[in-house]
Visitor: 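My questions will all concern the structure given below.
If you're wondering where the values come from, they're calculated on a predicted model, not measured in any experiment.
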Amino acid sequence: MYLLELLRGAWLIYRMHLGTVVGSRRTIAALVLAAVPVVIAALAAHFGPDEIEGETFFVNIGLVLALGFSVPLLSVSLGVGVVASEAEGRTITYPFTRPIPRASLFLGRWLASLTLLAFLVGSCVLGMAMAANVRSTVPEEYVFQCLVACLMGVTVYSLGSAVIGTLFKRGLVIALGYAFAIEVLLSILPGSGRKLTLQHYLRSIFLDGREGRFGIDENIATTLLIPADDAMVRLWVTAGVLLVLGAYTVTRKQFVLSS
Amino acid sequence: MRARTHTEIYRPFRGAISASAARASTLAWSGVRVGFKRKLPMLFLFAIPLIATIVGAFQIQLKFDALSKELSFITADDADVQAKMANQFVANGLAELLGSVEQIILTTLGTLQFFVVLAMGWYGTGLIAEDKRLRAHLLYFARPITRWTYLRGKLGTVLFWGSCVVVGPVTVMCGTAVFASPEWSFLTDRWQLILKLEGYALLWVVVHALLVLAVSSVCRLRNQALAGLFGIYFLMSIAGELLAWLFDSANWRLLSLVRNFERLSEALFGIASGEVTWGLEASLWALAAFCGLCLVVLDAQIKKMELGR
Amino acid sequence: MKSSHAPTADGGTVPAAPGRPSSPAPSIVRLRGLVKSYGDVQALRGVDMDLPPGPVGLLGPNGAGKTTLISLLLGLLEPTAGEASVAGLTPTTRKSRVEIRKRVGYMPESDCLLPGMTAVELVSTLARLTGLGKQDAMTRAHEVLDYVELEEARYRPLDGYSTGMKQRLKLAQALVHDPDLLLLDEPTNGLDPKGRRHMLGLVEDLGRNQGKNVLLCSHLLPDVERTCDHVVVIVEGRAVLQGSIAELTAAEATRLRVQTDERDGDLWRALEERGYRCETPDEEPAMGPTQRGFLATLPDGRSDADEICAIAAQIDAPLLQIEPVRRSLEQVFLTAVDGRGEDQR
Amino acid sequence: MSAIVEAEALGRWYGEVVGLGDLTVSIEPGITGLVGPNGAGKSTFMKLMVGELRPHRGSITVLGHRPFGSRPLYRRLGFCPQQDALYEHQSGRAFVRDIMRLAGFPRKEADRRAVAAMERVGLAEAMDRKVSDYSKGMRQRTRLAQAVAHDPEIIVADEPLTGLDPIARRQTLELFRALANDGKSVILSSHVLHEVESLTDTMVLIHRGRLLAQGNVRDVRRLINKHPSRVHLKARDPRGLASRLLDEPYVNAVSLSGDGEGLLVETLDVGTFHQRFAAVAGEADAGVRSLVSDDASLEAVFDYLVG
């Protein structure tokens, strides 16, 4: 019963905010951000050294630009605001004094952001694939796996950012710090620290046992990646935990609005 | 109406309202005072420029120190030829040394660039944006000031902070050179250089201050403005480099403020960076156009503010 | 100043025709057919106005052109057409428009105060911007802060000020150069009753005792009624009504408002039997069993309420209120706005 | 009548800042004015009422529900918040419609209600314009529209009259009266006491986070013994009336005002004064013109209590 109400509320919120998400200035900025790696990929594909194959090019650029840059940056910048923007805009009173479960605000607004993110990242990956095709055709399964990894990436990153944004006042700084400082640090350090990073699992999904074949940056190649299926399971579990955490936080937290 | 006493009596003002008050400097100084209120950011922002300045000054001091030792050693010899040779040698060494002072100063400035923009942005981006957000400009424009006075006032505040991190270090390092040089020779022989250095630093500050204010005037939130400032600053450099690389023509670097100032310093101090291929006039035009653009933006925005929007 | 509706309809009897020998000292603001348009939109469509000395209320619905009028009086805008003189200056040249601001003080509606400054700093800076010397500015700043009763707080940053303190500080900065004309935009906004009374006391003192010309814009008509002698009502870019509040809200001679407790109805009936005409007040629609009294018109030949008292005593009803009916400023305002609205249609 | 809001030893802090100290009050159906100086805790009380915050101590129930996150309550309650915040990108109509969707109405019904509510607050012409183009007063009324559109039993409105021009004020006050006539309860806060008074005699006065007074204004006034009640009289023959009044035991003092027809009576038993005045004035034949008790208003009571 509660679940049904939750889903109904989430759907309503989703419908309300999809419009906001699509039309807002933040989205335009995100669009520009998403376009930058594609442009760089296209330029690199045209002007880069000739001896690199299309698939090698795609895998490298996918790892560095798509998974390493676009996915975390877009997810964090759009994800932190899921609940926080309503609290900062002091509009959160409106959904919270209506007969819908509080958690549906989190769920609905996150789904709205996710829709946009999926669209952005999806077109980003396809654009890169097209850029790589200039050199030589990239096998479809590479593109597909990159897409899967990226979608998983935006799901987990945006959920995590949404939770951080809900919990903390300076969510954006914390989430950016996590994605670009802590994760990078952990993956550079030797030891099992990298198993705590999302990048590790996303790379595992993308490469799926093919690491070391593309002359990739040594750091990544020597990383002991795990099979894609295992990585998928772990990411889903993480996402589930984050989702429950976010929903619970929103249900319990009091938002003190400045007047 | 309920009875009410006002024991505090309003006293009419008997003094004069002067027509030619230094209104812009009052406004500028009030902005500076607000900046001084918060000590912690000041510490962070000025720590690195301060350290760099000290290091630069120390380097200069060291060089002159070494020179004066050589000098004293040589003048102890009374042989005529040797003395002549020594004098020749000293003069050469001195010239070389004095020449390298500007090198040290410019290098220091180059390293500081990012922090300077940060400091100016920190203090400057809020100036107009905050006024707009809180509608504080209503208070200012209810006074007998014009848009131009307002702009000068705000510019003054940014210039003050900019000078603290650019003109200040240059002055300190030049001062060190003057005091360390034997017989004030740095001041007497190379006073043009000092002027050129100061002028260069001042121009640098003015151009960047205009950028800071222009960005501030189009934003409503200070953080937005700060982000916008860095966005524009880096975008201009990156776009310049990228376009130069794509079209294989270094002239596209004219888009970048940094490159233009490099060209300027090359012309002024003859220190070539190698990547600059265009003429000095082109750079000056580019800077002028840039300042003009900032002023146009500022004028439009301040006009709106004056009308109370 | 004689009260009148729509001076244009009156053929210019009010305000006084220029050059009339008997006219007193020239008013500080004198507008004749003032028009201000932004592109195609006319914000002011011909305002005629002579500001009498003392506190004057400027009323008007949202979007009537009050803000534009204030900007014009501050010399921030140039009139599109018509004559204007503010403190003896005509705002047609840039120079005179700047000059006007030395004679006018403005208290804006919005918050306006930059965090980080202290009250003394803000006021003295603004004084110096007006052109006061350094010593003058500091002395004046403290004087006006004393006047608005900002005590020790004046040395504290503005961040922690309460709404009442902020409003008083805004009044202080408007006063610092001792202007002849004070424009106060919603000075009681957000104040609680105590703060409001304080502010109104200051406004009244300035207007009545200190001889300032005060123009008070407020949506709270009772505030205007309490502090001002005159009102100007602006509707759709025209001054549709100006006059003295006392005259506009003069009491009626024969209608009284009578209130008892639950026995209102009994008294009503008893009075009607004696030839009184009774009615429910129209400004407050009845809600449930009304205990808010009723209006009774005295029969011919009576001018006092002795008979009402006697009747009340007969039926043993307590008398809570007897008061001659007075048009409230709100009614005056609403009639002015409605009248204008119909003219336009 | 049973209470709609019951607060018991209610307290809420913001860090070390006290929002509400210790409030015990019960509010009955009808229009209730919540008054108090700035920072007294009115907004905090309202936020607790609508479940935006949870109490730190004590308890609050609204219509028998604990408000925080209580969905059954939100079907019966409408809240008009004080902060000037709306979703800027949409029209007023779309905003209210979306909120009505959240309130559980199907699409068409939600739109119908949105249109009706916008008309009710006097924004029929502007409702299809974007919210970001609205004036302060229009935004305030949009917030009110979303609070009343779903026909709630209780409307809680925090400073619903700020920023409104006199015309909109009047409309809004009429709207509250109409709601009360339909049997709804309205709890509203305002600093403009005479407006509250024109709506209702029932008030709750909060000061320093605690309840200072509640109930009918005149009754509350009678409880204040410290200050004698003051009644202004005007008569043709004030001196005669004055000497007659001084004979009455409940009259404490009578003074004449300067204009020769005014009279100020001070009494500690204003109830008896009103009861007996008719008879006294009838006998005195003093030509009474007016009788106004100037300190029986909400404002006077507020001043006496808050100080």
Visitor: Can you find a pair of side-chain heavy atoms, one from C/Lys194 and one from D/Asn38, that are under 4.5 Å apart?
Guide: no
Visitor: With a 6.0 Å cut-off (strictly less than), is the heavy-atom count around CZ of D/Arg244, excluding the residue itself, greater than 12?
Guide: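 Buried by this count: over 12 neighbours within 6.0 Å.
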Visitor: Among D/Lys136, D/Arg276, D/Arg289, who wins on heavy-atom pairs under 4.5 Å with chain C?
Guide: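 Looking at each option in turn, the highest pair count goes to D/Arg289.
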Visitor: Heavy-atom distance under 4.5 Å to chain D: side chain of C/Glu330, backbone, both or neither?
Guide: side chain
Visitor: Tell me, out of C/Glu109, C/Gln314, C/Arg196, who's got the most heavy-atom pairs with chain D below 4.5 Å.
Guide: C/Arg196
Visitor: For the candidates D/Gln275, D/Arg236, D/Glu195, which exhibits the highest count of non-hydrogen atom pairs separated by less than 4.5 Å from chain C?
Guide: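 Heavy-atom pairs under 4.5 Å are most numerous for D/Gln275.
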Visitor: Given C/Leu334 and D/Arg170, is the side-chain contact (heavy atoms from CB on, under 4.5 Å) satisfied, shown in steps?
Guide: CA-CA 10 Å; C/Leu334 291 174; D/Arg170 203 180 167 78; 3.0 Å; yes
Visitor: Counting heavy-atom pairs closer than 4.5 Å to chain D, which one of C/Ala64, C/Pro222, C/Ser218 comes out on top?
Guide: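 Most heavy-atom pairs under 4.5 Å with chain D: C/Pro222.
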Visitor: Taking the side chain as everything from C-beta on, heavy atoms only, tell me whether D/Asp303 gets closer than 4.5 Å to C/Arg197.
Guide: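 Sidechains of C/Arg197 and D/Asp303: in contact.
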Visitor: So, for C/Leu320 and D/Ser293, which heavy atoms are closest and what is the spacing to 0.1 Å?
Guide: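 Smallest interatomic distance, heavy atoms only, reads O-OG, 4.0 Å.
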Visitor: Using non-hydrogen atoms only, which part of D/Lys234 is less than 4.5 Å away from chain C: side chain, backbone, both, or neither?
Guide: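 Contact with chain C involves no heavy atom of D/Lys234 at all.
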Visitor: Atom OG of D/Ser290 and atom CZ of C/Arg257: how far apart are they, to the nearest 0.5 Å?
Guide: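 So the OG of D/Ser290 and the CZ of C/Arg257 are separated by 13.5 Å.
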Visitor: Side chains of D/His191 and C/Leu191: closer than 4.5 Å at any heavy-atom pair?
Guide: no
Visitor: If I measure from the heavy atoms of chain D, does C/Glu307 come under 4.5 Å with its side chain, its backbone, both, or neither?
Guide: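 Neither; nothing under 4.5 Å.
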Visitor: Is it the side chain or the backbone of D/Leu233 that comes within 4.5 Å of chain C heavy atoms, both, or neither?
Guide: neither
Visitor: Among C/Leu221, C/Leu329, C/Leu59, C/Leu220, find the residue that satisfies the side-chain contact (heavy atoms from CB on, under 4.5 Å) test when tested with D/Pro166.
Guide: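 So, applying the side-chain contact (heavy atoms from CB on, under 4.5 Å) to D/Pro166 and each of C/Leu221, C/Leu329, C/Leu59, C/Leu220, only C/Leu221 qualifies.
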Visitor: For the candidates C/Cys309, C/Ala317, C/Ala313, which exhibits the highest count of non-hydrogen atom pairs separated by less than 4.5 Å from chain D?
Guide: C/Cys309
Visitor: Heavy-atom pairs under 4.5 Å with chain D - which of C/Asn189, C/Ile311, C/Asp223, C/Asn62 has more of them than the others?
Guide: C/Asn62
Visitor: Can you measure from CD (C/Gln321) to CG (D/Leu291) and round to the nearest 0.5 angstrom?
Guide: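 The CG atom of D/Leu291 is 7.5 Å from CD of C/Gln321, to the nearest 0.5 Å.
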Visitor: Which one wins on heavy-atom pair count under 4.5 Å against chain C: D/His232, D/Glu159, D/Met138, D/Arg169?
Guide: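 Between D/His232, D/Glu159, D/Met138, D/Arg169, the count favours D/Arg169.
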Visitor: Which bit of C/Leu319 comes within less than 4.5 Å of chain D, counting heavy atoms only: side chain, backbone, both or neither?
Guide: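 Both the backbone and the side chain of C/Leu319 come within 4.5 Å of chain D.
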